[in-house]
Amino acid sequence: MKDEQSTFFYHEKLGGLEALQASFTRQNFSRHSHEGYTIGLIDCGAQKFYRSGSNHIAPKNSIILVNADQIHNGQTATESGWAYRAMYPRPEQFDALSQELNGIRCGAPYFDSAVYDNQALTRQLNLLLNCLTSNANNQLHTESLFYSVMTQLMLSFKQDCRQLKQLKSTANLTDAQQYLDAFCCEEISLERLAALSHMSPFHFIRQYKKQYGLTPHAYQIQRRILQAKTLLKHGLNVSQTASECGFHDQSHLHHHFKSRLGITPGQYRNLFSPDKNAYANIN
């Protein structure tokens with residue numbers, strides 16, 4: 001583990017959401033509070049921290065929850081230190097989402113657990129924090145993960161007040177789908193797609209998956225793969241194809257292409273090579 005490192009991230013497109021990636025061995029945070037919630041994931045080692053009148057131990061792969069304005073501290077619980085990633089959503093972001101859950105504003109949640117063990121949420125939070133602490137991320141994917149994690153957190157606490165509203169079956173998502181078809185290789189905002197369907201982003205994601213069986217981001221990747229096939233078929237190299245189709249880099253295209261088609265972009269391109277009898281080995 002690298003000694004005493006921290007990197008701060010700011011996401012204007014997510015309402016000014018702040019995030020942190022850090023690893024510490026000797027750092028000892030004094031008691032303090034944040035305006036926003038602390039929602040963290042321990043990546044390595046273990047952290048000891050004070051919250052709600054007592055000390056808590058958060059081991060690897062556990063979720064740390066600290067409410068907004070709640071006094072807490074932090075230090076290592078192991079000799080080798082600890083590494084973690086965290087985001088700091090504001091109470092008003094939770095408050096606005098609460099009305100989407102059941103049509104009633106229940107206010108921002110109170111997390112009565114300081115350390116939370118939920119494997120499904122841990123996987124989703126890990127994906128979201130990967131996006132929030134990386135310069136290479138898809139806007140639609142990141143926004144969708146953010147809403148998913150926030151929703152799961154709210155449903156996990158104070159469940160007597162928060163339940164998902166029943167979806168109507170009359171949603172018109174045609175404009176949003178046509179927009180995704182036309183601009184699939186560009187960065188697309190979840191807010192933009194939701195506005196085309198006259199919905200909130202939270203409601204739009206649920207309706208879209210219900211109607212098409214895919215999330216908006218998964219559909220966008222599918223359309224990008226179709227475009228990549230066309231470019232590769234016409235001889236464009238893999239690196240240029242990745243750039244033209246909106247993938248972060250060649251390896252990003254490779255991952256999504258092979259996971260869907262079973263062959264690499266290079267193997268697919270070679271099928272249409274004019275100077276040899278090419279074929280693709282599918283392993």
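Basis for what follows: all heavy atoms, side chains included, without hydrogens, waters or symmetry-related copies. Heads up: numbering here begins at 1 and tracks the sequence.
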Original post:
When the aromatic ring centroids of Tyr37 and Phe94 are compared, is their separation below 6.0 Å?
Top reply: yes

**OP:** Starting from the C-alpha separation in whole Å, work towards a yes-or-no answer on salt bridge (Lys or Arg N to Asp or Glu O under 4.0 Å) for Asp43 and Arg85.
**Re:** CA-CA 7 Å; Asp43 292 319; Arg85 291 163 294 157; 2.8 Å; yes

**OP:** Measure across Ser33 and Gln70 and return the closest heavy-atom pair with its distance rounded to 0.1 Å.
**Re:** CB-O, 3.5 Å

**OP:** Identify, with sequence neighbours excluded, every residue that meets side chain to side chain contact (heavy atoms under 4.5 Å, CB included) alongside Ser54.
**Re:** His56

Original post:
Just checking, any donor-acceptor pair under 3.5 angstrom between side chains of Asn138 and Gln220?
Top reply: yes

**OP:** Please check if any side-chain donor atom of Ser148 sits under 3.5 Å from a side-chain acceptor atom of Gln152, or the reverse.
**Re:** yes

Original post:
If we only count heavy atoms from C-beta on, is the Asp175 to Ser197 side-chain gap below 4.5 Å?
Top reply: no

Original post:
When rounded to the nearest 0.5 angstrom, what distance separates CG in Leu145 from CG in Leu127?
Top reply: 6.0 Å

Original post:
With under 30° as parallel and over 60° as perpendicular, where do the rings of Phe9 and His11 fit, or are they tilted in between?
Top reply: parallel

**OP:** Among residues two or more places apart or on two chains, list those pairs meeting side-chain hydrogen bond (donor to acceptor under 3.5 Å, both in side chains) that have a residue in residues 225-237.
**Re:** Asn237-Gln240

**OP:** Quick one: sort the Phe24 and Phe29 rings into parallel, tilted or perpendicular, breaks at 30° and 60°.
**Re:** perpendicular

Original post:
Does Trp82 reach the side chain of Thr25, with side-chain heavy atoms less than 4.5 Å apart?
Top reply: no

Original post:
Do His34 and Tyr88 have their ring centres less than 6.0 Å from each other?
Top reply: yes

Original post:
Should Ile225 and Phe257 be marked as a side chain to side chain contact (heavy atoms under 4.5 Å, CB included) after you check the CA-CA gap, both sets of side-chain angles, and the distance that decides it?
Top reply: CA-CA 6 Å; Ile225 292 297; Phe257 200 95; 4.1 Å; yes

**OP:** Taking all non-hydrogen atoms of both residues into account, name the closest pair between Leu17 and Gln93 and its distance.
**Re:** CD1-OE1, 4.3 Å

Original post:
How long is the gap from CZ on Phe111 to OG1 on Thr38, to the nearest 0.5 Å?
Top reply: 10.5 Å

Original post:
What closest approach, in Å, do Gln47 and Gly74 show between heavy atoms, and which atom pair accounts for it?
Top reply: NE2-CA, 3.6 Å

**OP:** Decide if atom CG of Asn73 counts as having more than 12 heavy atoms of other residues, nucleotides or ligands within a radius under 6.0 Å.
**Re:** yes

Original post:
Given Glu244 and Cys185, is the side chain to side chain contact (heavy atoms under 4.5 Å, CB included) satisfied, shown in steps?
Top reply: CA-CA 7 Å; Glu244 288 289 331; Cys185 296; over 6 Å; no

Original post:
Could you give the distance from CD (Gln21) to CG (Asn130), rounded to the nearest 0.5 Å?
Top reply: 8.5 Å

**OP:** Check the pair Tyr116 / Phe157 against ring-ring contact (aromatic ring centres under 6.0 Å, His included), numbers first and verdict last.
**Re:** CA-CA 11 Å; Tyr116 191 47; Phe157 295 85; 5.2 Å; yes

Original post:
Are His254 and His252 an aromatic pair by the rule of ring centers under 6.0 Å?
Top reply: no

**OP:** Heavy atoms only: give me the nearest Cys131-Thr142 pair and the separation to one decimal.
**Re:** CB-OG1, 3.4 Å

Original post:
Can you tell me how far CZ of Phe146 sits from CG of Leu97, rounded to the nearest 0.5 angstrom?
Top reply: 8.5 Å

Original post:
Rounded to the nearest 0.5 Å, how far apart are CG of Leu128 and OG of Ser144?
Top reply: 10.5 Å

**OP:** Drop me the distance from Thr215's OG1 to Phe204's CZ, to the nearest 0.5 angstrom.
**Re:** 10.0 Å

Original post:
Do Gln27 and Gln75 have side-chain heavy atoms sitting under 4.5 Å apart?
Top reply: no

Original post:
Yes or no on side chain to side chain contact (heavy atoms under 4.5 Å, CB included) for Leu231 and Arg269, after CA distance, side-chain angles and deciding distance?
Top reply: CA-CA 9 Å; Leu231 296 179; Arg269 182 177 183 271; over 6 Å; no

Original post:
Under a 4.5 Å side-chain heavy-atom rule over Ile, Leu, Val, Met, Phe, Trp and Tyr, are Phe183 and Leu140 clustered together?
Top reply: yes

Original post:
Is there a donor in the side chain of Tyr212 and an acceptor in the side chain of Gln177, or the other way round, less than 3.5 Å apart?
Top reply: yes

Subject >> Gln222 and Leu214: CA distance, side-chain angles, deciding distance, side chain to side chain contact (heavy atoms under 4.5 Å, CB included) verdict >> reply: CA-CA 10 Å; Gln222 177 176 289; Leu214 294 171; 3.5 Å; yes

Original post:
Are side-chain heavy atoms of Asn61 and Ile42 found at a separation under 4.5 Å?
Top reply: no

Original post:
Can you name the nearest heavy-atom pair linking Pro59 to Ile57, along with the distance?
Top reply: CD-O, 3.5 Å

Original post:
Should the pair Arg223-Asp181 be classified as a salt bridge under the 4.0 Å nitrogen-to-oxygen rule?
Top reply: yes

Original post:
Are Tyr268 and Leu236 co-members of a hydrophobic cluster defined by side-chain heavy atoms under 4.5 Å apart?
Top reply: no

